Protein chains: 2
Amino acid sequence: MTDPASRRVTLRDVADHANCSTATVSRALNSPEQVAVEVRARIDASIKALGYVPNGAARALRSQRSQIVGAVIPTIKYSIYARLIESLERRLAMDGYSLLLTTHDYDPVKELEQTQLLLTRGVEGIVLVGDSHDGGLHQLLAKHRRPYVNTYVFNPASKHPCIGFDNRLAAARAARYLHDLGHRRIAVITGPTKNNDRQADRLAGIRSALEERGLDLPSSMVIERPHLIENGREALEILFQLPEPPTAVLCGSDVLAFGVLSECQELGVSVPNQLSVVGFDDQDFAKHLRPALTTVGIPAVEMGIEAANYILRKLNRQPANNFTNLDVQLIVRGTTMPPAALSTQGKRAVPVSA
Amino acid sequence: MTDPASRRVTLRDVADHANCSTATVSRALNSPEQVAVEVRARIDASIKALGYVPNGAARALRSQRSQIVGAVIPTIKYSIYARLIESLERRLAMDGYSLLLTTHDYDPVKELEQTQLLLTRGVEGIVLVGDSHDGGLHQLLAKHRRPYVNTYVFNPASKHPCIGFDNRLAAARAARYLHDLGHRRIAVITGPTKNNDRQADRLAGIRSALEERGLDLPSSMVIERPHLIENGREALEILFQLPEPPTAVLCGSDVLAFGVLSECQELGVSVPNQLSVVGFDDQDFAKHLRPALTTVGIPAVEMGIEAANYILRKLNRQPANNFTNLDVQLIVRGTTMPPAALSTQGKRAVPVSA
DNA sequence: CTGTTAGCGCATTCAT
DNA sequence: ATGAATGCGCTAACAG
C-alpha cells in the first residue's frame with residue numbers, strides 16, 4: 001500500500017487516479033459545489049486511496065494565502081499569555097487557520113526580527129501584544145499590508161488597531177479602591193516597565209489616581225521586578241524593612257501578588273488585617289489562594305477570540321472595528337480591607353463588599 | 001520611499017537593483033561564501049533599500065524546507081505544557097526555525113487532524129505529547145517520512161522515538177515514599193486517564209507500587225478529574241466524606257494538589273499533620289505554596305530543548321538517539337510527613353516544619 | 001461543469 | 001564566481 005520509494009503524492013496523482021484534470025481536483029478541494037457530485041466522489045476516493053495531503057507551500061505561493069496567522073508575544077513562561085494564546089489558537093482553528101507562535105522576551109529588536117520572520121513564513125495576519133513597538137515594525141507592517149492588531153491595550157488615539165483594555169484606568173480603579181478603604185501608605189510592585197507599555201501604563205494610572213487624592217507615590221514604595229513568585233516575595237520583604245511599611249500593596253500581576261501572600265505567611269504578616277494585597281489578571285489560581293486574592297480581572301480569553309475575529313474579518317474584507325475596548329473588573333475577594341490603623345481607631349466604618 | 005501601489009518586493013527586484021541575476025541573489029542569501037564580497041555588498045544594500053523579505057512559500061516549495069516545526073499538544077490552558085513550548089520555541093528559533101502550535105484537547109481524532117494540517121502546512125518535523133496516538137497518525141507520519149518525537153514519555157520498547165521520563169516509575173517512587181513514611185490509606189487524585197497515557201501510567205505505577213507493599217487501591221480512593229484547581233478541591237472534599245479518609249493523597253498534577261491544599265485550609269484539615277499531599281510537575285508555584293508542596297519534578301524545559309535538538313539533528317541527517325530518558329526527582333518539601341496515627345500513638349517523633 | 005494554460009517566487013542544475 | 005533556464009505543486013483565468 002505505502003510504497004516506500006514513492007515521492008510525495010501530488011494533485012497530479014490524484015487527478016490521474018480519478019481520471020480528471022488537476023484543475024478539477026483543485027476545485028473539488030476549494031469549492032466543491034462547483035464540481036459534479038459524481039466526479040467529486042471519485043476524487044474523494046482517490047484522495048483517500050492515495051493518502052493525498054495538499055502542499056501548503058504551493059498553495060500559498062499560488063493563492064497568496066498561507067492560512068497561517070502569527071502571534072508575537074513577550075513570553076509564554078509567565079503563563080500570563082497562555083489564555084490569550086489558547087483562545088486565539090482555537091478561534092483560528094475554527095476557520096482552518098494555524099497559529100505560528102514566537103516570543104521576544106520584551107526585546108523590541110527581537111520583536112521586530114520575529115515579526116519579519118513571520119512575514120517571511122507568509123503569515124496572513126499578525127497578533128501583537130502592546131501598543132509600543134519598534135518603529136521599523138510599523139514600517140514593515142505597512143509595507144506588507146497585512147492585517148495586524150495590538151492586544152492587551154486600548155488606545156483609540158493610536159494609529160494602530162487594538163483589542164484590549166485601558167491599563168491606566170484599570171490600575172487606577174484598584175488604587176482608588178484602596179484609597180477609598182482608607183489606605184494612605186500604598187506600595188506598588190510592578191513588572192518590568194521597560195519596553196512594556198502595559199506595566200508602565202498601570203503604574204502611571206496608579207500614580208495619577210493617588211495624586212488626584214493628594215497622595216504621593218515615593219520611589220521607595222515602587223518596586224520593579226519580573227513576574228516571578230519569588231520576586232513578589234522579595235519585594236514584600238524589602239517593603240517591610242521600610243521604616244514605615246505600606247498598609248496596602250498593588251501588584252502588577254497575580255504572580256507577584258502570589259509571592260507577596262506567600263511571603264506574608266512566612267513573615268507572619270496577616271493579610272488582610274495588617275496588609276491589603278491586590279493582584280492583576282485574575283489568573284485561575286487567584287481565587288484559590290488563601291485568603292482569596294482581590295485582583296483586576298482582565299478579558300484574556302476574549303482578547304484572543306476578538307483578535308482572531310478581527311484578523312479573520314480583515315482577511316475576508318469584512319468590516320471590523322479597529323478599536324475594541326473590553327471590560328475589566330475589580331474583583332474584590334479576601335485580601336483587602338481597611339488599614340489596621342483605621343479599624344483600630346474606629347475612625348470610620350468601611351463596607352467591604354463580599 | 002514606500003510606494004503604496006507597489007506589489008511585493010521579490011528576488012527579481014533585488015537582482016535588478018543590484019545589477020545581477022536572481023541566482024546570484026539567491027546564493028548571496030543562502031550560501032554567501034559563494035558570492036564575491038563586492039557583489040554581496042551590493043546585494044545587501046539593495047535588499048535593505050527595497051525592504052526585501054523572502055517569500056517562504058516559494059522557498060519551501062522549491063527547496064522542500066519550510067523552516068517550520070510543528071507541535072501538537074493537548075492544551076495550553078493548564079499551563080503544564082507552557083515550559084515545554086517555551087523551551088521548544090526558543091531552541092528552534094536559535095536555528096532559524098519557527099513553531100507552529102496546535103492543540104487537540106485530549107481528542108485523538110483532533111490530534112490526527114491537527115497533525116495532518118501541520119503536514120499540509122509543510123512542517124519539517126513534529127513534536128507530540130505522549131506515546132499513544134491514533135493509528136492513522138503513525139501511518140501519516142510514516143508516509144511523510146518527517147522526523148517526529150513523542151515527549152513526556154520514555155518507553156524504549158516503543159516503535160516511536162521519545163524524549164521524556166518513565167511516568168510509572170516516577171509516580172511509583174512517590175507512592176513508595178508515602179508508604180515508607182508509614183501511610184497506609186493513600187488516595188489518588190488523577191487527571192483524565194482517557195487518551196492520556198501519562199496519567200494512566202502514573203496511576204498504574206502507583207497501583208503496582210502499593211500492591212508490591214501489599215496494599216490495595218480501592219476505587220473509592222481514586223478520583224479522576226481534569227487538571228483544575230477547583231477539581232482538586234472538590235476531590236479532597238469527597239475524600240474527606242469517606243468513612244475512613246486517606247492520610248495521604250497523591251495528585252496527578254501540581255494544579256490538583258494546589259486545590260487540595262486550598263480546600264484543606266478551608267476545611268481546617270492540617271497539612272501535613274492530618275494529611276500528606278504530593279503533587280506532580282514541580283511547577284513554579286509548588287515551592288511557594290504554604291506549606292511548600294512535596295512533588296515530583298519533571299524535566300519540562302529539557303524535554304523542549306531535547307525535542308528540538310532531536311528534530312534538528314534528524315533534519316540535518318546527524319545521528320540522534322531515538323530514546324532519551326530524562327531525570328525525574330522527588331522533591332520533598334513541607335506537605336508530607338508520617339501519618340497522624342503514628343505520631344499520635346507516640347511511635348515515633350515527627351518534626352513539624354515551620 | 002470541466003480542461004488547458006500559465007505563472008506564483010525561489011533554488012538549483014548546467015553552462016560559462 | 002555568475003547567469004540562463006527549469007520546475008517545485010498548486011490555483012486562477014479563460015475557453016469550451
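For clarity, every value in this text was computed on a predicted model and none was experimentally measured.
- Across all strands, B/A23 comes closer than 4.0 Å to base atoms (heavy-atom distances).
- OP1 or OP2 of C/dA11 sits under 4.0 Å from a side-chain N or O of B/N30.
- Aromatic ring orientation, A/H160 versus A/H138: parallel (interplanar angle below 30°, classes split at 30° and 60°).
- With respect to the salt-bridge test (charged N to carboxylate O, under 4.0 angstrom), the residues A/D105 and B/R90 qualify.
- Side-chain N/O atoms of B/T24 include one lying less than 4.0 angstrom from OP1 or OP2 on D/dG3.
- With DNA chain C read from its 5' end, the first of the two nearest nucleotides for A/T22 and A/V37 is the one closest to A/V37.
- Note on A/L11: a base of the nucleic acid sits closer than 4.0 angstrom, heavy atoms only.
- A/V39 comes within contact range of the sugar-phosphate backbone alone, with a heavy-atom separation under 4.0 Å but no base atom that close.
- Residue A/S26 places no side-chain N or O under 4.0 Å from the OP1 or OP2 atom of D/dC10.
- Residues B/E86 and A/T103 bring no donor and acceptor atom of their side chains to less than 3.5 Å of each other.
- Side chain of B/Q64, nearest nucleotide from D/dG3, C/dT2, D/dG9: D/dG9.
- Electrostatic pairing of B/D44 and B/K48 does not count as a salt bridge here, judged by no charged N lying under 4.0 Å from a carboxylate O.
- At a cut-off of 3.5 angstrom, the base of C/dG9 holds no donor-acceptor pair with the side chain of A/R62.
- The phosphate of D/dG3 has OP1 or OP2 within less than 4.0 Å of a side-chain N or O from B/S21.
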